[in-house]
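This report concerns only the one structure given below.
Chain A is the first sequence line, chain B the second, and so forth, proteins listed ahead of strands; every chain is numbered from 1. In this text, all values refer to a predicted model and were calculated from it rather than measured experimentally.
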Number of protein chains: 2
Amino acid sequence: MNEAVVLTPERILEATEDVLRRYGLTKATVVDVARALDVSHGSVYRHFPSKASLRDAVAKRWLDRANEPLCKLAAADGPAPERLEKWLRTAFTIKQKKVCDDPEMFATYLALAQDAREVVEAYKDKQVDLIAKILSDGIAQGEFEIDNVKATARAVFDATVRYHHPAHAEEWAKPECPSRIDALIALLLRGVRVCKH
Amino acid sequence: MNEAVVLTPERILEATEDVLRRYGLTKATVVDVARALDVSHGSVYRHFPSKASLRDAVAKRWLDRANEPLCKLAAADGPAPERLEKWLRTAFTIKQKKVCDDPEMFATYLALAQDAREVVEAYKDKQVDLIAKILSDGIAQGEFEIDNVKATARAVFDATVRYHHPAHAEEWAKPECPSRIDALIALLLRGVRVCKH
DNA sequence: TCGCTGACAGATATTGAAATCTGTCAGCGA
DNA sequence: TCGCTGACAGATTTCAATATCTGTCAGCGA
């Protein structure tokens, strides 16, 4: 080719995100991606076996990027109750920001996630592991009292579905939302804390 | 008319449910409902100002019927913790049963609820009131310790969204679901209970 | 040899004309 | 008078012809 630039999966993913941003999920085609890279669409299939796998790879990148700050929070030091609260609030904020900043892009992400089931499942499991990490820390610190850490982490994740699952995104902008989040977090924290009399 | 039967809103709703059951939401038309009742479709508009209002009325009936056992549970006597657990499990079971028994009909209900926003909102508020009732009873019994009953009832409702909101219906059949429900209920109960040492 | 091309078959999406539906209303018949 | 009818306008949906896309592969050129 005229350029020294080789066609890598990375470059294809980059171009795919651009195309998605430009055309939206419903309109974006493999031909568009190929055109953006100035190659034939057959070449794209040399690196990704199907459009679905390309979609999944984009979704994975996306979710991993969004997850990064949460990983850091889970790995940090400090009192577990504060960290759990911070972690949950950050998780909510990340999602909420994505909706507000670029609703159309969020819709794309939502649809993308709809069928990238495996990728999303792995992402959720990672989230639960992060919560579990904080809960364990809390037990070690004598702040939490928990029978089954893994199950409780899952329960905390489940209990907060309303504020991180895209299906409920349209509720996030409502004015009563923040106080409802406060009440939910307070309830959950009380559920894991040791009793102080 | 040939029959002594008059055309009442009730009869129209009955017929509408039949038509929905037979044709599904996308195919059911006001003309179909009128045909089922052997009247012109103009007559239906004499009782319901629009197709949307008819849809809403059907949704309301539906939700009210589903809600009945929960009202009874909230009004019952007995220890509040057990009642709250029973209430939540019943709420989940009602929904789950609807999905399993007749998935197509559930899809219809889901789509119906999608745009019957006001009706659904009222229904949710009623649910929260029922939870609040049980929480209040629990405080009176010395079993619960709660700052803000209304807010906590809302938090319990929000925390269980995953198991009563139709958006998550497809997850309800998974084998790990029951144990996750157990963990969630345990967490929430611990969050409202007084500390026993 | 090895990555890319471009033509191809079958699947999917688009489009616009025709059919159907929603909502209205003047008038009929009891 | 009062509820129902049936024809109507405009909105929506259907359907089939057409266009585009996905995924494959034989062959080209470096």
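- The interatomic distance linking A:Tyr23 (OH) with C:dA13 (C1') rounds to 17 Å, in whole Å.
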What dot-bracket string describes DNA chain C from 5' to 3', counting Watson-Crick and G-U wobble pairs whose defining distances are under 3.5 Å, with [ ] for crossing pairs and | for pairs to another strand? ||||||||||||||||||||||||||||||
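- Remark: the backbone N or O of A:Phe157 is paired with a side-chain donor or acceptor of A:His164 at under 3.5 angstrom.
- Remark: the B:Asp32 side chain and the B:Thr29 side chain contain an N/O donor-acceptor pair separated by less than 3.5 Å.
- Taking CG of A:Leu63 as the start and NZ of A:Lys124 as the end, the distance is 10.5 Å to the nearest 0.5 Å.
- Under the 4.0 Å criterion applied to side-chain N and carboxylate O atoms, A:Arg117 and B:Glu170 are assigned as salt-bridge partners.
- Across all strands, A:Ser40 comes closer than 4.0 Å to base atoms (heavy-atom distances).
- Atom CD of B:Glu68 sits in a sparse spot, with 12 or fewer heavy atoms from other residues, nucleotides or ligands closer than 6.0 Å.
- Residues A:Lys27 and B:Val30 each lie close to DNA chain C; by heavy-atom proximity, the contact nearer the 5' end of the strand is made by A:Lys27.
- Contact detail for B:Pro178 and B:Pro175: the closest heavy-atom pair is CD-O, 3.2 Å.
- Only A:Gly42, A:Ser43, A:Arg46, A:His47, listed by number, bring a heavy atom of residues 42-58 of chain A to less than 4.0 angstrom from any atom of DNA chain C.
- For A:Tyr163 and A:Trp172, the distance between ring centers is not under 6.0 angstrom.
- The side chain of A:Val39 lies closest to C:dT5 when the candidates are C:dT5, C:dC21, D:dC21.
- For the pair B:Arg193 and B:Pro81, the tightest heavy-atom approach, listed with the atom from each and the gap, is NH2-CB, 3.3 Å.
- With rounding to whole Å, B:Asp38 atom CG is found 8 Å from D:dT5 atom P.
- Residue A:His41 places a side-chain atom within donor-acceptor reach of the base of D:dG23, judged by atom type and a 3.5 Å distance cut-off alone.
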